[in-house]
Number of protein chains: 2
Amino acid sequence: MSQSDRTPRVRLVDVARAAGVSKTTVSDALNGAGRLPAATREHVQKVARALGYRPNATARLLRAGHTRLLGLAAREYVETPWVYADLAYFSQIVTATTQAALAHGYGVVLLPTYGPDDCWLDIPLDGVFVIDPVEGDPMVRDFLAAGVPVVADRRALAEVPVETREAGRWVDFDYGAAVRQVLDHLEAAGAERIAVVAGATTACFHQQSVRAYHEWCAERGREPRIACLPAPGVEHTLQAVTELLAAPAPPDALFTLVELSPPLLLDTIRRLGRSVPGDLLLVCTTEDSAACYTDPPISTLSFLPGETAQAAVDLLVDRLEGREGDPGHLFSADFRVRASSAVPERRGARRG
Amino acid sequence: MSQSDRTPRVRLVDVARAAGVSKTTVSDALNGAGRLPAATREHVQKVARALGYRPNATARLLRAGHTRLLGLAAREYVETPWVYADLAYFSQIVTATTQAALAHGYGVVLLPTYGPDDCWLDIPLDGVFVIDPVEGDPMVRDFLAAGVPVVADRRALAEVPVETREAGRWVDFDYGAAVRQVLDHLEAAGAERIAVVAGATTACFHQQSVRAYHEWCAERGREPRIACLPAPGVEHTLQAVTELLAAPAPPDALFTLVELSPPLLLDTIRRLGRSVPGDLLLVCTTEDSAACYTDPPISTLSFLPGETAQAAVDLLVDRLEGREGDPGHLFSADFRVRASSAVPERRGARRG
DNA sequence: TTGAAAGCGGTACCAG
DNA sequence: CTGGTACCGCTTTCAA
């Protein structure tokens with residue numbers, strides 16, 4: 001009795017009794033079902049309104065056999081619950097997922113990423129979208145074992161027992177390819193010492209991109225210049241940039257893989273006495289649209305949260321509504337070259 | 001039968017049959033209830049695991065009489081569903097609400113702001129937090145009428161029939177006072193022509209703050225210089241700023257009431273040939289922490305999304321769990337004066 | 001200790 | 001056209 005039930009909610013039977021009809025009639029009258037005479041229907045509706053009757057959502061769901069609810073979980077910072085307010089990527093994923101879900105008539109539940117074991121199974125969900133699953137992710141495992149369709153990445157699905165894998169769908173990026181694309185571009189633009197700011201988290205993105213950077217450097221016999229941040233935060237990120245730029249033979253290009261306000265980064269670089277793109281080519285991984293309004297506009301790498309979320313929801317809904325469809329969707333990152341890393345007017349400032 | 005039910009989910013009875021016991025025993029064994037002999041309990045658990053049994057969440061909720069789910073709706077742009085990805089304020093509200101809810105063992109459902117009438121009532125919720133309710137908000141009305149506790153602002157609750165009002169709680173700001181505080185500060189710092197960029201939406205915040213600005217100007221016989229934007233968007237906002245600054249007798253202070261990346265704004269102002277705070281004092285309404293890392297750091301007005309969400313959830317949960325508590329909570333905005341609007345080194349650039 | 005049966009609040013089938 | 005009744009899947013009371 002923890003519920004505040006001073007007003008014991010009026011139920012279907014109450015309406016039925018008050019209207020002098022049966023439960024069925026009330027149900028039909030209210031849902032526009034059956035073929036009742038208009039008079040009965042109106043009468044029931046009037047009584048229902050007078051009593052302030054509202055159907056119990058849980059009861060109808062139990063009957064319906066589905067909940068029209070999709071779960072959304074971002075697992076990158078599993079231990080640090082929900083630090084990601086300021087991460088545009090996650091915000092946009094949330095927004096886009098919600099929008100796509102609503103378009104299909106589904107609601108979205110933001111899932112706990114930590115907490116008592118299995119606690120997420122207490123939430124009545126039809127499907128789940130798990131972003132940045134951790135290794136051997138228990139959430140992915142649990143939902144799949146419970147027969148709840150999941151969209152995650154291919155790696156996460158591969159880790160799950162085959163017999164439960166059928167309900168899994170995936171959305172994926174080739175992070176390594178995206179990183180190499182940017183590095184190649186910077187190299188082509190004349191960069192010889194490319195510094196990178198990356199994250200040091202469990203996210204597949206960070207792990208793959210850091211690896212790609214190291215491999216890329218190794219192939220060319222270049223010394224990696226990388227700062228790995230264990231957690232997001234403006235201050236730490238700016239400090240990492242400052243340190244990278246203060247190195248003995250300073251970098252001539254900077255590629256950030258963590259979210260940071262692009263105009264702020266630009267401002268900071270200038271305060272350190274470097275010009276963009278003159279002294280330093282710049283590419284930011286970001287979803288912040290401010291990047292194209294700065295002077296110079298900043299080259300960006302985007303992982304398309306909107307499209308990803310849309311695809312994830314479509315995959316889920318197709319599966320739920322029994323439509324055959326793709327097992328998953330592989331995306332390519334969206335790399336936009338702008339003046340901050342463009343080659344033309346580069347006034348060589350090679351002091352290597 | 002739209003559900004994909006090729007695997008007809010194993011139920012409690014199935015486990016009971018397989019284990020050769022009754023439903024009760026299974027339930028007790030699995031939930032650690034009753035006083036069963038350890039042997040029975042283990043046997044049942046083993047069978048359940050072997051069968052891959054997972055309790056049906058909806059059924060337990062129906063039984064339990066509550067769902068441990070809180071709804072969250074932002075109503076400002078009711079017609080333009082979910083444009084607010086890039087609005088730090090909403091992102092932080094979402095994050096903080098989720099965090100606070102999870103701390104109490106509740107999940108959060110992001111609610112549709114448009115769609116078929118009443119569609120939100122189909123979602124099984126224990127309570128709802130409505131941000132920026134519109135006038136005579138149907139969502140607030142519906143939930144309250146359905147006996148679902150709601151947190152909104154005082155105005156929204158005042159508009160609802162008295163008999164359903166009891167379940168309403170509020171969180172509120174005196175937006176007018178916050179705006180006047182900033183204007184007074186700018187005036188004290190020497191500003192004579194304060195320009196304002198505001199929103200032209202249904203949000204209580206925008207309506208109240210615009211009114212406060214006009215009143216403040218009228219009291220002093222000043223001409224208002226205000227741009228009202230019907231929708232968010234970097235481009236429009238920057239353009240509004242540009243136009244305001246291009247006025248014949250250009251403003252000597254700028255106060256933005258709409259979200260915009262503070263470092264980007266600073267950059268834009270400089271490109272227009274004005275220095276901050278030398279030529280132009282600047283105060284931004286924003287939740288973007290980048291504001292304090294620019295040069296100069298930017299004065300900000302914050303409406304504390306984190307604290308607001310926390311309070312809203314506490315109010316809701318207190319009500320739900322039958323605890324007596326405050327009917328609501330009135331907050332004061334957080335105004336932080338930084339160098340962008342500080343008086344000391346102001347090198348007078350009065351060209352009035 | 002265990003199990004039968006009565007709900008939780010609706011919806012849907014089918015006989016009247 | 002209407003109403004009785006079974007049922008969705010689980011929990012809980014109560015008798016055995």
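Below, read A as the first sequence line, B as the second, and so on, with proteins coming before strands; counting in each chain starts at 1.
For residues 121-140 of chain B, no pair satisfies ring pair (Phe, Tyr, Trp, His ring centres under 6.0 Å), with sequence neighbours left out.
One can place CG of B/L30 at 10 Å from P of D/dC10, the figure rounded to the nearest angstrom. A straight line from NE2 of B/H66 to P of D/dC10 spans 16 Å, rounded to a whole angstrom.
An OP1 or OP2 oxygen of D/dG3 is reached within less than 4.0 angstrom by a side-chain nitrogen or oxygen of A/T25.
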Could you encode protein contacts along nucleotides 7-16 of chain C as a string, one character per nucleotide from 5' to 3', using B for base contact, S for sugar-phosphate-only contact and - for no contact, with a heavy-atom cut-off of under 4.0 Å?
BBBBBBB---
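Residues forming a ring-ring contact (aromatic ring centres under 6.0 Å, His included) with A/H329 (at least two apart in sequence, or on another chain): A/F331. With sequence neighbours excluded, the residues forming a side-chain contact (heavy atoms from CB on, under 4.5 Å) with B/A96 are B/A309, listed by chain and number. Listed by chain and number, the residues in a salt bridge (charged side-chain N to carboxylate O under 4.0 Å, His left out) with A/E307 amount to none (sequence neighbours excluded).
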Please output the side-chain donor-acceptor pairs of residues 140-162 of chain A that fall under 3.5 Å, not counting sequence neighbours, one pair per line with the distance.
residue: A/D142; atom: OD2; partner: A/W120; partner atom: NE1; Å: 3.1
residue: A/D153; atom: OD1; partner: A/R155; partner atom: N; Å: 3.4
residue: A/D153; atom: OD1; partner: A/A156; partner atom: N; Å: 2.9
residue: A/R154; atom: NE; partner: A/D172; partner atom: OD2; Å: 2.7
residue: A/R155; atom: NH1; partner: A/E159; partner atom: OE2; Å: 3.4
residue: A/R155; atom: NH2; partner: A/P133; partner atom: O; Å: 3.0
residue: A/E159; atom: OE1; partner: A/G136; partner atom: N; Å: 2.6

